[in-house]
Amino acid sequence: MGIEFWLQLAVVLLCIGVGGRFGGVGLGAAGGLGVCILVLGFGLQPASPPITVLLIIIAVIACTSVLQGAGGLDFLVRVAEKLLRKKPSAITFLGPLISSMFVVFCGTSYVAFAVYPVIAEVAAEAKIRPERPMSMAVIASGIAITASPMSAATAGMIATLSMYGVSLFQILAVSMPAFLIGTLAGCAFVYKRGLELEQDPEFQRRVASGEYKLLHDEVDEPEQAASAEPQKGTKRSVAIFGLGVATVILFGTFKTLLPSWDVDGKTVVLSTPMLIQMVMLAAALFIIVFAKVPSDKFASGSVFRSGLIGVVGVFGISWMTGTFFSAYQTFFETSFEGMVETAPMAFGLILFCFSSVIFSPSATVSALMPLGAAMGIPPGLLVAMYPATCGDFIVPGAGQIGCVSFDRTGTTKLGTYVVNHSYIMPGFVMVISAVAGGYFISQFVF
């Protein structure tokens, strides 16, 4: 490779590094700058932006945002709180499982933020070190997008692998149990992690100084329950959203149910990406009509804002990496040919390192999974390595930082060396366990 290749690679890495520091819109903007330099400066042919992935994300964001406007997400949070308070002694397992179910259902890890404070308080009241369930709740919720049929990352997997005849059912048949295996392994790892809460020096200091006091008052529960009654249409919105998700899974699994057309002598079947787009938009309308959502609530919630930020990030960074990899596809295929034959799972390490820099599993999928498929890595192995795209926990982000403040006992920490935080070991355990579980399961599914 000549000097131009290394200069172009340096541009890509520099833009990823700069964009990764800002995340979201900053990541997308850095990707846009990278495309400008590669195309206008070096004369590379621009790749096509990941339009299919972006349209799926937008459709899902629209539906989830309307669900939030109807009060559906708040309703689910109240249900989650009741479940957690029924069995506080099991919070180390229940907390991560329940918070991640929000993500699986809605497709975005942002929705789990509403459950984190509840997990912290329930754990403290049960005299369980909050670091245990909190650290795993954040990790499990981040990796739960790999088990969600509605997530942007899964949209990227569908767009990449559908051309190889891989169905949504096959992806979920591997990713869902792999995610569960990883979550249980992580929860078992943290079950007795650290000192017991009442023996922790920082917690003792906060109690002695009056910094820590219980927030939950048992006497107020009946009044809280009465005031928390869902409004008319709230439950209906959750049911409609759930029906939309079920419809996508049903038609995405049984392709014979999908319509087909004869185009130039070839049979063309409705693609899974288009199926998701139309079903989610239709579900959004049904929620608006039957849950009577006010028009000012359609896009005013936090889900819509965070979702669109994610769209910009995926758009820019995927366009840049796609342009670079397309220009040197033959070189990469030849260079990694030996790896594909001898150690294809090593590609998972590339996915993990890439995602830890750009802080976006969906952007990692859109940027690198097509390269893995082009290199000849079997689709089953790519699906097994799907959890490796979730290395964004290495450097603390919004979820990790926020949960440190949610844990008022002081047991959840960021550390003094950036990466020596409460989430690092649970993250490694879960990713490794999920990939290993996915590899085993993929042998039967593919």
Side-chain angles (χ1 to χ4, degrees), residues 48-61 103-109 142-180 182 245 248-249 251-253 255 271-277 279-280 310-311 313-315 317-318 321-322 325 344-345 347-348 350-352 354-355 358 360-392 431 434-435 437-439 441-442 445-446:
S48 298
I51 300 299
T52 298
V53 177
L54 297 176
L55 291 178
I56 293 176
I57 299 172
I58 291 171
V60 173
I61 289 170
V103 181
V104 171
F105 186 66
C106 297
T108 171
S109 58
I143 301 179
I145 62 170
T146 64
S148 172
M150 298 292 102
S151 72
T154 299
M157 291 294 290
I158 294 169
T160 300
L161 300 179
S162 59
M163 64 183 68
Y164 298 93
V166 177
S167 67
L168 174 61
F169 172 77
Q170 288 176 297
I171 295 173
L172 296 179
V174 175
S175 64
M176 280 187 166
F179 161 73
L180 185 60
V245 174
V248 168
I249 295 175
F251 281 89
T253 301
K255 302 255 179 171
S271 67
T272 302
M274 283 192 177
L275 170 69
I276 296 174
Q277 293 163 28
V279 170
M280 285 294 97
V311 167
V314 172
F315 178 31
I317 206 71
S318 299
T321 54
F325 289 135
M345 291 299 288
F347 187 67
I350 298 175
L351 293 172
F352 184 83
F354 191 86
S355 66
I358 66 172
S360 175
S362 55
T364 302
V365 168
S366 298
L368 293 185
M369 283 298 182
L371 175 64
M375 285 163 47
I377 298 178
L381 289 186
L382 290 177
V383 177
M385 291 185 277
Y386 187 13
T389 62
C390 300
D392 52 343
V431 169
V435 171
Y439 176 78
I441 296 166
S442 67
V445 175
F446 289 87

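Residue numbers run from 1 in the order of the sequence given.
Between I276 and I158 there is a side-chain heavy-atom pair separated by less than 4.5 Å. Between T321 and F354, the closest side-chain pair of non-hydrogen atoms falls below 4.5 Å. Residues P361 and S355 fail the side-chain proximity criterion, which asks for heavy atoms closer than 4.5 Å.
Between P149 and V104, the shortest heavy-atom contact is CD-O, 3.9 Å. When all heavy atoms are compared, the tightest approach of I377 to P344 is CD1-O, 4.3 Å. Closest approach of P387 to I143, counting heavy atoms only: CB-CG2, 4.4 Å. Nearest heavy atoms, Y439 versus M345: CD1-SD, 3.9 Å. Closest approach of V365 to M157, counting heavy atoms only: CG1-N, 3.6 Å. Contact record, V383 with F446: CG2-CZ, 3.8 Å, taken as the closest heavy-atom pair.
Note that CE of M385 is 6.5 Å distant from CG of L351, once rounded to the nearest 0.5 Å. One distance of note links OG1 of T389 with CD1 of I350; it measures 14.0 Å at 0.5 Å rounding.
Looking at residues two or more places apart in sequence or on another chain, you find a ring pair (Phe, Tyr, Trp, His ring centres under 6.0 Å) between F352 and F393, F428. By the side-chain hydrogen bond (donor to acceptor under 3.5 Å, both in side chains) test, T154 is found to be paired with S151, Y386, residues two or more places apart in sequence or in another chain being considered. By the side-chain hydrogen bond (donor to acceptor under 3.5 Å, both in side chains) test, S442 pairs with no residue at all, sequence neighbours left out. With sequence neighbours excluded, the residues satisfying side chain to side chain contact (heavy atoms under 4.5 Å, CB included) with V279 are T247, V248, L275. Partners of T160 according to the side chain to side chain contact (heavy atoms under 4.5 Å, CB included) rule, which considers only residues two or more places apart in sequence or in another chain, are M369, P370, A373.
Every pair tested for side-chain hydrogen bond (donor to acceptor under 3.5 Å, both in side chains) that includes a residue from residues 364-383 fails, sequence neighbours excluded, so the list is empty.
Formation of a donor-acceptor pair under 3.5 Å by the S362 side chain with backbone atoms of A153 is not found in this model.
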Exercise answer: donor-acceptor pairs, residues 168-179 side-chain atoms, under 3.5 Å, sequence neighbours excluded:
| residue | atom | partner | partner atom | Å |
| --- | --- | --- | --- | --- |
| Q170 | OE1 | S167 | N | 2.9 |
| S175 | OG | T146 | O | 2.9 |
| S175 | OG | I171 | O | 3.0 |

